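Scope of the values below: all heavy atoms of this structure, side chains included, with no hydrogens, waters or symmetry mates. It should be emphasised that the depicted structure is a prediction, and the values quoted were computed from it without experimental measurement. A, B, ... follow the sequence lines: proteins, then strands. Residue 1 opens every chain.
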Amino acid sequence: MSLATAPAPEQDGVELTARHHPRVALVKPSNRRRRLAYAGLTPFAAYVLIFLALPTILAVVTGFFSDDGSLTLDNVTGLFTPTILATFGSSFWLSGVSAVIGAVVGALICYAMLGTKVGGLLRTIIESAASVLAQFGGVMLAFAFIATIGVQGLITVVLRDTFGVDIYADGVWLYQVPGLILPYVYFQVPLMVITFLPALTALRPQWAEASATLGGTRFAYWRYIAAPVLAPAFLGSLLLLFANAFSSFATAAALISQGSQIVPLQIRAALVSETVLGRENMAGALALGMIVVMVVVMWAYSVLQSRTSRWQK
Amino acid sequence: MTANQAVRIGAEPSALTRRLILGIIGAIFLIPVIAMIEFTFRNGLAGDYTTSHWTGLFSEDSARTYRGLYEAIENSLVLAAVTVGIVLVLLLPTMVLVHMQFPRLKRTLEFICIIPITVPAIVLVVGLAPVYSVVVQVLGGSTWTLAFAYGITVLPYAYRAIQGNLDAIPVKTLSEAASTLGAGWLRVLWTILLPNLRRGVLAASFISIAVVLGEFTIASLLNRRNLQTALLQVSQSDPWVAVIFALAALALAFILLLIIGRLGSATPSRRKS
């Protein structure tokens, strides 16, 4: 028999009452038991405080300190220098472009999956593949694209030798910001499938029936019924994709070794450079800038999400 | 409404449209994977093919050459195990406790667990650097301590997996029934709830493993060695082996998530019956 069968003294009373008046005992547990239950929350609370709350606060606060530990706004105003603003600009551009492409292609896949059986083989495979590829960001993704469209990549070579097209006629762009678009799209599309599919499958067949009964065309159904219902979900997923690309680091880190053209790479430069003084605190200011962007985007996402859930019940 | 009707009035794509869309996009998405496989058979820049990169893995001196990589894989596996431990020991009991005793805290817990999406790893790592300088003093500098940070990274995924399962079983009825029959709190948790939460717990564990095996940001910026940082390092001297290991990691992740998919899809049908 296990530990569980040896009741602690204070539980005994509760269990006895529970046997006679189960409801009373469960709705109003003794104070002592209540306190015990609260104590049960402390390990997780402590863990989250030390490894989530504390680092987040530290990350933001260091931006307000100078190297010698005095308060300063220099790092934060440093965010508005042309170099850093340009970095945020390319981050926005990269995230925006990859999010829009990812959202459109992903939505197309979701549409194609309408009418497939939930839990069916095709559905399970596509959903699993989507969860893998959405997690596929990072070093391995960089490898995949170097093998595909690197200077000696499979596609590069086939296009050059068979079709006479040199994708690098104007110089190698894979290791620049534009080179990140294709790898980013590769993990954005699957994320779109994961987030948008529930909304699309929640479209009720009755709406299409009603529309058809009233003489609505296929176009009318999608334009006047499906599109307005799906709009918040689509925009919400688009924002999530934007946030996903904006905060993504590993792929860029593995592909771009020269320069820091996007914000996460600036943070890397600020963190690892020991030669440039005061850069460590710059990382804090950059982190603050990123958090501000992420909070705004995720707030808008949650607003849209609550509008979406209205149709999913 | 039958499937044919749905197609005719345009609510669903026809079989041909579906095959066309999925086929074309699927083929495009396969290209990088195929390119990776093709790459592992290339014989340098000579233009012909060789299997030596694959066979070389099992040769005598590979153990020496790739010792760093094998160590890094070991590190990553330990990290995955400790992270799953954190999910099971810290997150799971808290979620069950909140679900049963403090329903009003549910929103708060959900909010906390979703924060790591808004505060991504690249931001978190800025504040983790000072935290870890203390952690190293207390627990030493071994790699497994990184799992504390990974436990935070996997929170949103693990939370979603377990919460989905918690919402799908009648926790209150089960625990009331067990208490009425005289079971203590621990016994309710261990013998009644845990078996019912098996799917959610398994899914949470697998997704945590997949996330930890793919993690690069925190390890790289805190100067630790895990699978991904080692892969990047190896790729500079032996890109073929790096790609082979990347393919293996990808295949492993796919299998893990395919199992999650089967677990997830089995839940509703079982509940219906």
Side-chain angles (χ1 to χ4, degrees), chain A residues 3-4 7 11 15 18-19 22 26 37 40-41 43-44 47-48 51-52 54-56 58-59 105 108-109 111-112 114-115 119 124 127-128 131-132 135 138-140 143-145 147-148 153-155 205 208-209 212 218 221 247 249-250 254 264 267-268 271 283-284 287 290-291 294-295 298, chain B residues 1 3 6 9-13 18 21-22 25 31-32 35-36 38-39 90-91 94 97 101 112 115 118-120 122-124 126-128 130-131 148-149 152 176 179-180 182 184 186-187 190 210-211 214 216-217 221 228 231-232 235 242-243 246 249-250 253-254 257-258 261-262 265 269:
Chain A
L3 265 176
Q11 280 181 333
E15 278 177 16
R19 255 171 233 146
L26 280 163
L41 295 178
F44 182 73
Y47 172 62
V48 167
F51 287 97
L52 179 59
L54 187 61
T56 309
L58 281 176
V105 178
L108 203 62
I109 297 180
Y111 167 72
L114 272 179
T124 311
E127 279 173 353
S128 308
S131 357
V132 176
Q135 285 297 327
V139 181
M140 301 186 293
F143 291 169
F145 274 83
T148 313
L154 184 62
I155 296 297
E209 279 176 333
R218 185 181 283 228
Y221 166 68
S247 58
F249 168 74
I267 293 184
R268 169 178 75 174
L271 276 180
M290 275 195 86
I291 288 188
M294 292 297 286
V295 166
M298 293 308 290
Chain B
M1 184 163 68
I9 59 177
E12 285 170 12
R18 173 179 306 142
I21 295 176
L22 293 182
I25 299 178
I31 292 175
M36 280 172 100
E38 191 253 7
F39 181 77
L90 285 175
L91 179 65
T94 308
L97 193 60
Q101 302 267 337
I112 291 172
I115 291 178
T118 312
V119 183
I122 182 70
V123 169
L124 203 62
V126 177
L128 275 174
V131 170
F148 290 120
I152 296 294
E176 276 179 6
S179 307
T180 314
L186 201 60
R187 194 181 167 96
W190 191 254
V211 169
F216 172 78
T217 310
L221 291 174
Q228 300 295 325
L231 276 180
L232 188 59
S235 75
V243 171
L250 194 63
F254 183 72
L257 287 152
L258 199 65
R262 297 310 296 178
S265 66
S269 59

B:Ile25, part contacting chain A, at a heavy-atom distance under 4.5 Å: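 Interface part for B:Ile25: side chain.
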Structural part of B:Ala253 lying under 4.5 Å from a heavy atom of chain A: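 Answer is both: backbone and side chain atoms of B:Ala253 are under 4.5 Å from chain A.
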What option among A:Ala147, A:Ala112, A:Gly40 has the most heavy-atom pairs under 4.5 Å with chain B? A:Ala112
For the interface with chain B, which of A:Gly153, A:Pro43, A:Ser247 has the highest count of heavy-atom pairs at distances below 4.5 Å?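 Heavy-atom pair counts peak at A:Ser247.
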Counterpart residues, ring-ring contact (aromatic ring centres under 6.0 Å, His included), relative to B:Phe148 (two or more places apart): A:Phe51, B:Trp144
Please determine which of B:Leu124, B:Ile122, B:Val126 meets the side chain to side chain contact (heavy atoms under 4.5 Å, CB included) test together with B:Leu221.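 When B:Leu124, B:Ile122, B:Val126 are each tested with B:Leu221, the side chain to side chain contact (heavy atoms under 4.5 Å, CB included) holds only for B:Ile122.
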Chain A interface, residue from B:Val211, B:Ile112, B:Leu90 that has the most non-hydrogen pairs under 4.5 Å: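 When all of B:Val211, B:Ile112, B:Leu90 are compared, B:Leu90 has the most.
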So which of B:Ala249, B:Ala242, B:Ala210 has the largest heavy-atom pair count under 4.5 angstrom toward chain A? B:Ala242
Any non-hydrogen side-chain atom of B:Ile152 less than 4.5 Å from a side-chain atom of A:Tyr47?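 Contact flag for B:Ile152/A:Tyr47 side chains = yes.
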Are any of the side-chain heavy atoms of A:Leu41 and B:Thr94 separated by less than 4.5 Å? yes
Is it the backbone or the side chain of A:Phe145 that comes under 4.5 Å from a heavy atom of chain B, or both, or neither?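 The answer is the side chain of A:Phe145.
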Can you tell me which portion of A:Ile267 sits under 4.5 Å from chain B's heavy atoms? Options are side chain, backbone, both or neither.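 Interface part for A:Ile267: side chain.
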Could you give the distance from CD1 (A:Ile155) to CD (B:Glu38), rounded to the nearest 0.5 Å? 9.5 Å
So which atom in A:Ala250 and which in B:Phe216 form the shortest heavy-atom distance, rounded to 0.1 Å? CB-CD2, 3.5 Å
